Amino acid sequence: MSQQAVTPQSQDFSAWYNDVVYKADLVSPSPVRGCLIIKPYGYEIWEGIRAGLDKRFKATGHQNAYFPLFIPESYLKREAEHVEGFSPELAVVTIAGGKELEEPLVVRPTSETIIGEAFSQWIQSYRDLPLLINQWANVVRWELRTRPFLRTAEFLWQEGHTAHATEAEAEAETLQMLDAYADFAMTEAAIPVVKGRKSDIEKFAGALRTYTIEAMMGDKKALQSGTSHNLGQNFAKAFNIKYLSRENVEEFCWTTSWGMSTRMIGGIIMTHGDDKGLRLPPRLAPIQVVAIPIYKNEDERTAVLDTVHRLVKELRGAGLRVHIDDREDTPGFKFNDWEMRGVPIRLEVGPKDVQNNKAVLARRDIPGKDGKQFISQDGIVAQVNDLLNAIHDNMLAQATTFREANTHDIRTYDEFKALAEKGGWARVWWSGSNEDERKVKEETGATLRCYPLDQPGGAGTCFYTGKPADRVAIFSKAY
RNA sequence: CGGGGUAUAGCGCAGUUGGUAGCGCGCUGUGUUUGGGACGCAGAGGUCCCCAGUUCGAGUCUGGGUACCCCGACCA
């Protein structure tokens, strides 16, 4: 047994990430470059994300629909910025059924165009608005450099697409969905995020304004974890999405789109993981409690398993996701194995516990003895529920503390460069131009992650240009 | 697309001056173990990336091809 451990984060964060992704049994290598086989344990995390988001979409009046994977190439070309932004990474089908196609079909990189075309048919009147649609789908972007979950040639996501009568309504929708993402991230994934607006350079191809939630990973880099775009009337004009107003005037709609992807799984791994492997937030963990029976002989085994089954039945009855590990390996092996896989709570039951009506709960977020407690078998459901909530709160608190400790108010470019070298977020007054922003990126590798919605107010001096600035931005290296 | 590298068992790798393929992990069976990564014994598992060439003989040498990985530019 020597290959169980992962590369320590401090030694090589990137190698650590890859080790965890494979050893925690989330993915399997794909025969196709840049793609990924998501194994059941990894896919169940996605199912949890999906459930958490879908609930929020439905609660805000959205309905799911499904649009085709293939998009006529000409659609992409109708919005100039959009095609320019995506064309380098498109996969295009030119032959089908053994024949060259009249018009090549693009494998969707995102669906604004094909959905825009459909919306133009569906919407006639102001009475048809707002139109609130979401789609769960796979999309393809032929990226040159890929990493499991964070950037893959094909990935799973949801993309919301809505149409509204006024700019104000579209903006409200855009911000509402940003809030939904932020709430999901914190409430379910225990990831603290900063809500903000993207700079012109970083915004979505074809959008008026792009909003983002940014999270800090364990290596202090930023991960854009969800985006919400106010598309203005750009796509409405490109796809002729018009309605007749109450005043009997033909108007273009205002549209939005917003998405969160399997990248979020990478965010969870890199926000919470440690040198023992994955740490899954309790509300998304496919297995919330793993029960490990401990025994020395056949008699003990029978008695212990009897108790385990009784406790697990109780827990499952309360809706908890519980797994019994009855493999023949040693307890020590199992402890490490499930720590690698990030299960929040381990339930140990041994012969002594059977006799004393006790059990051991060990929490993943607190290593070693400190995280272990003896509990009474009576009222186990409440005790486990409380502990799951405590673990969630602790993980969110830990990640928040880490982010705050590594976010610095920077005043000069020298300080900025030093921080970019060392790692961390720079919170700065900023009044630079697009050109300045590109230069900063070129010189330091750090990009303008967002203008946080939560602004300090007042005015300051831009760290780069030295000119007066009326807003702060966060810069960081990012995934 | 530029620069570098790799290709041998499921995974990670070794393979000497060219002589007919091995190690660790994993896997199967079995016995002893089991409250923090157990061990013994017995097994299974190979198109040495592909094509051509040199040679009595190629995992090893030569030429060509393919795939993948790493570093840059592009990116949810």
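Naming: A, B, ... by sequence-line order, numbering from 1 per chain. On a predicted model such as this, the values are computed, not experimentally measured, just so you know.
At the heavy-atom level, A:E339 lies under 4.0 Å from base atoms of the strands shown. A:L150 comes within 4.0 angstrom of a base, heavy atoms only. At a threshold of 4.0 angstrom between heavy atoms, the contacts of A:G259 with the nucleic acid are absent. Within the nucleic acid shown, A:K372 comes within 4.0 Å of at least one base atom, counting heavy atoms only. When heavy atoms are screened at a 4.0 angstrom cut-off, A:K276 is found touching base atoms of the nucleic acid. Among the heavy atoms of the strands lying under 4.0 Å from A:E348 is at least one base atom, whether or not backbone atoms are also near. A:S261 comes within 4.0 angstrom of a base, heavy atoms only. Note on A:R145: a base of the nucleic acid sits closer than 4.0 angstrom, heavy atoms only. Heavy atoms of A:R327 sit nowhere under 4.0 angstrom from any nucleic acid atom. Residue contacts shown for A:T152 include a base, since a base heavy atom lies under 4.0 Å away. At a threshold of 4.0 angstrom between heavy atoms, the contacts of A:N297 with the nucleic acid are absent.
In this structure, A:Y464 and A:W430 have tilted ring planes: the angle between them lies in the 30° to 60° band. Ring geometry, A:H229 versus A:F204: the interplanar angle falls under 30°, so the pair is classed parallel (tilted spans 30 to 60°).
Side chains of A:T447 and A:R449: a donor on one and an acceptor on the other come within 3.5 Å. A donor-acceptor contact closer than 3.5 angstrom is absent between the side chains of A:N230 and A:T256.
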